[in-house]
Enquirer: 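Sharing a structure below in structure tokens format, with a few things to ask.
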Protein chains: 2
Amino acid sequence: MARKLRGKGGEKAAERLREAGLRPTRQRLELAGLLFCDEDRHLSAESLHAEAQEAGIKVSLATVYNTLHQFTNAGLLRQVVVDAARSYFDTNIGDHQHFYCEGEGRLIDIPGDAIAVSGVPTPPRGTEIDRVDVVIRLRRA
Amino acid sequence: MARKLRGKGGEKAAERLREAGLRPTRQRLELAGLLFCDEDRHLSAESLHAEAQEAGIKVSLATVYNTLHQFTNAGLLRQVVVDAARSYFDTNIGDHQHFYCEGEGRLIDIPGDAIAVSGVPTPPRGTEIDRVDVVIRLRRA
DNA sequence: CAATAGATTAGAACAATTCTAAAGAAGATT
DNA sequence: AATCTTCTTTAGAATTGTTCTAATCTATTG
Ligand SMILES: [Mn+2]
Ligand SMILES: [Mn+2]
Ligand SMILES: [Zn+2]
Ligand SMILES: [Zn+2]
């Protein structure tokens with residue numbers, strides 16, 4: 001089982017985790033496999049857990065939460081707040097913004113160089129800008 | 001008790017609720033008194049409930065939630081999503097954006113005519129833009 | 001191989017929110 | 001005013017997303 005994750009891609013993923021100060025455990029490697037497989041993704045803890053189950057990966061929901069937060073702290077993921085009920089994690093950590101389909105709970109990336117925010121006032125003294133988030137909420141036409 | 005809310009400001013507030021299709025009940029009038037008293041405000045259900053208690057207003061938390069949602073549906077309030085753990089309601093329903101102090105959970109208005117978002121791509125077919133939210137997250141300098 | 005530090009897990013706990021169903025109040029109809 | 005109907009309030013239970021606990025397990029180091 002662990003064997004299949006060694007060599008080639010597996011070892012590279014393991015190295016990536018080690019560099020982030022995280023032990024390359026079976027669960028982390030398998031979740032990383034789902035997360036960083038191909039395209040950029042937006043997913044909730046519950047949806048990743050469900051997907052892992054379907055893929056036959058044995059991992060608890062607590063570990064999914066732990067892993068998502070650890071990856072986020074390590075800069076491998078970023079968290080997106082668009083819905084008060086659920087948080088989303090984004091595999092695209094580059095500069096970009098989002099469309100959000102309220103109904104379906106779906107996020108769509110907008111490239112950071114496509115969109116611009118101008119006229120931001122000086123932040124209150126004692127604070128500085130951490131980041132600027134733009135969410136474009138969509139409804140059915 | 002209800003007497004004190006009649007006449008002058010009380011009747012105007014009652015009329016406003018009736019126009020919104022809401023019965024001007026004691027709880028709604030008293031909460032409206034807190035919400036639309038003077039300046040624009042950003043508050044959570046819990047914080048409004050606490051404030052009502054301190055003011056000696058007898059109202060349940062369930063009613064605070066009901067009222068906030070009813071006022072929001074009636075267009076008297078708007079909901080702001082900046083923190084996955086808590087939702088905020090905003091008495092400023094005009095076009096504007098926000099600074100958000102992560103640490104303190106405080107929202108600060110940015111006038112809508114001060115800030116501009118350009119380069120928004122065409123939304124996916126079958127959808128249209130409901131609104132554009134900008135949240136500028138602040139950290140201690 | 002130990003030994004050790006760190007990771008995983010089931011299930012309990014939590015916080016924010018919503019639901020339920022019973023009692024109360026507002027507006028309409030006599 | 002008395003009544004009727006509809007909407008509102010409420011306490012408490014329930015639900016949801018998430019975090020915590022503490023026992024077990026595993027990756028890494030010597
Ligand atoms: Mn919740
Ligand atoms: Mn929550
Ligand atoms: Zn994204
Ligand atoms: Zn505001």
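Lettering follows sequence order; numbering is per chain, from 1.
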Enquirer: Record whether the side chain of B:Arg28 comes under 3.5 Å of the base of D:dT8 through a donor-acceptor pair of N or O atoms.
Expert: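 Counting by modelled atom types and ignoring angles, no donor-acceptor contact under 3.5 Å is found here.
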
Enquirer: As a test of reading the structure: which of D:dA27, C:dA26, C:dT17 is closest to the side chain of A:Pro24, going by heavy atoms?
Expert: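 Looking only at heavy atoms from C-beta outward on A:Pro24, the closest nucleotide is D:dA27.
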
Enquirer: Contact class for A:Arg23 (heavy atom, under 4.0 Å): base, sugar-phosphate, or nothing?
Expert: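 Base contact - A:Arg23 has a heavy atom under 4.0 Å of at least one base atom.
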
Enquirer: Would A:Val81 end up clustered with B:Leu138 when hydrophobic side chains under 4.5 Å apart are linked, directly or stepwise?
Expert: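 Different clusters: A:Val81 never reaches B:Leu138 through Ile, Leu, Val, Met, Phe, Trp or Tyr contacts under 4.5 Å.
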
Enquirer: Let me know the distance between CD of A:Glu15 and C1' of D:dA27, rounded to the nearest Å.
Expert: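 A:Glu15 atom CD is separated from D:dA27 atom C1' by 14 Å.
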
Enquirer: With rounding to the nearest 0.5 Å, note down the distance linking CD1 in A:Ile108 to NE2 in A:His96.
Expert: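 Those atoms lie 11.5 Å apart.
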
Enquirer: Could you check how far CD of B:Gln70 sits from P of C:dA26, rounded to whole Å?
Expert: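 Roughly 15 Å, once rounded to whole Å.
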
Enquirer: Rounding to an integer number of Å, can you tell me how far A:Leu29 CG sits from C:dA7 P?
Expert: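 Going from CG in A:Leu29 over to P in C:dA7 covers 13 Å.
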
Enquirer: Is there a side-chain polar atom (N or O) of A:Gln27 under 4.0 Å from OP1 or OP2 of C:dT9?
Expert: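 Yes, because at least one side-chain N or O of A:Gln27 sits under 4.0 Å from OP1 or OP2 of C:dT9.
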
Enquirer: Between B:Glu15 and B:Lys12, does any side-chain N to carboxylate O distance fall below 4.0 Å?
Expert: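 No.
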
Enquirer: Side chain of B:Leu22 only, heavy atoms from C-beta on: which candidate in D:dT8, C:dT9, C:dA5 is closest?
Expert: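 Looking only at side-chain atoms, B:Leu22 lies closest to D:dT8.
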
Enquirer: Report which part of the nucleic acid A:Ser87 touches: base, sugar-phosphate, or nothing (heavy-atom distance under 4.0 Å, all strands).
Expert: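 Answer is sugar-phosphate: A:Ser87 comes under 4.0 Å of backbone atoms only.
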
Enquirer: Please report, rounded to the nearest Å, how far the P atom of D:dT19 is from the NE2 atom of A:His49.
Expert: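 It works out to 15 Å between those atoms.
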
Enquirer: What's the OH-C1' distance between A:Tyr88 and D:dT18, to the nearest Å?
Expert: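 Computing the A:Tyr88:OH to D:dT18:C1' distance gives 15 Å.
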
Enquirer: Separation of A:Leu17 atom CG from C:dG6 atom C1', in whole Å?
Expert: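 Those two atoms, CG and C1', are 14 Å apart.
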
Enquirer: Check the distance between C:dC19's P and B:Asn66's CG and give it to me in whole angstrom.
Expert: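 Taking atom P of C:dC19 as the reference, CG of B:Asn66 is at 10 Å.
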
Enquirer: Would you call B:Asp130 and A:Arg137 a salt bridge, taking side-chain N to carboxylate O under 4.0 Å as the test?
Expert: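 No, this pair does not count.
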
Enquirer: Which listed nucleotide (C:dG27, D:dT10, C:dT9) is nearest to the side chain of B:Ala62?
Expert: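 The closest nucleotide is D:dT10.
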
Enquirer: Would one find a side-chain N or O of B:Tyr65 under 4.0 angstrom from OP1 or OP2 of C:dT18?
Expert: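 So the side-chain polar atoms of B:Tyr65 never come under 4.0 Å of the phosphate oxygens OP1 or OP2 of C:dT18.
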
Enquirer: Taking only the side-chain nitrogens and oxygens of B:Arg18, find out if one of them lies under 4.0 Å from OP1 or OP2 of C:dG27.
Expert: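 Affirmative; the distance criterion is met.
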
Enquirer: Tell me: CG of A:Leu43 to C1' of D:dG17, nearest whole Å?
Expert: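 It is 15 Å, rounded to the nearest whole Å.
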
Enquirer: Identify which nucleotide among C:dA25, D:dT18, C:dT9 has an atom closest to any side-chain atom of A:Glu46, counting heavy atoms from C-beta outward.
Expert: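 The nucleotide sitting nearest to the side chain is D:dT18.
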
Enquirer: Can you see if the side chain of A:Ser44 gets near the phosphate of D:dG17 - specifically, an N or O under 4.0 Å from OP1 or OP2?
Expert: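 Checking A:Ser44 against D:dG17: no side-chain N or O falls below 4.0 Å of OP1 or OP2.
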
Enquirer: Side chain of B:His69: nearest nucleotide among C:dT18, D:dT19, C:dT9?
Expert: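 So the nucleotide nearest the side chain must be C:dT18.
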
Enquirer: Counting only heavy atoms not in A:Arg106, do more than 12 sit closer than 6.0 Å to its CZ atom?
Expert: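 No - once you tally the heavy atoms of other residues, nucleotides and ligands closer than 6.0 Å, there are 12 at most.
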
Enquirer: Has B:Thr63 got a side-chain N or O lying under 4.0 Å from the OP1 or OP2 atom of D:dT10?
Expert: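 For D:dT10, OP1/OP2 do have a side-chain N/O of B:Thr63 under 4.0 Å.
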
Enquirer: Could you check whether B:Arg131 pairs with A:Glu102 (Lys NZ or Arg NE/NH1/NH2 to Asp/Glu carboxylate O, under 4.0 Å)?
Expert: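 The answer is no: the pair does not qualify as a salt bridge.
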
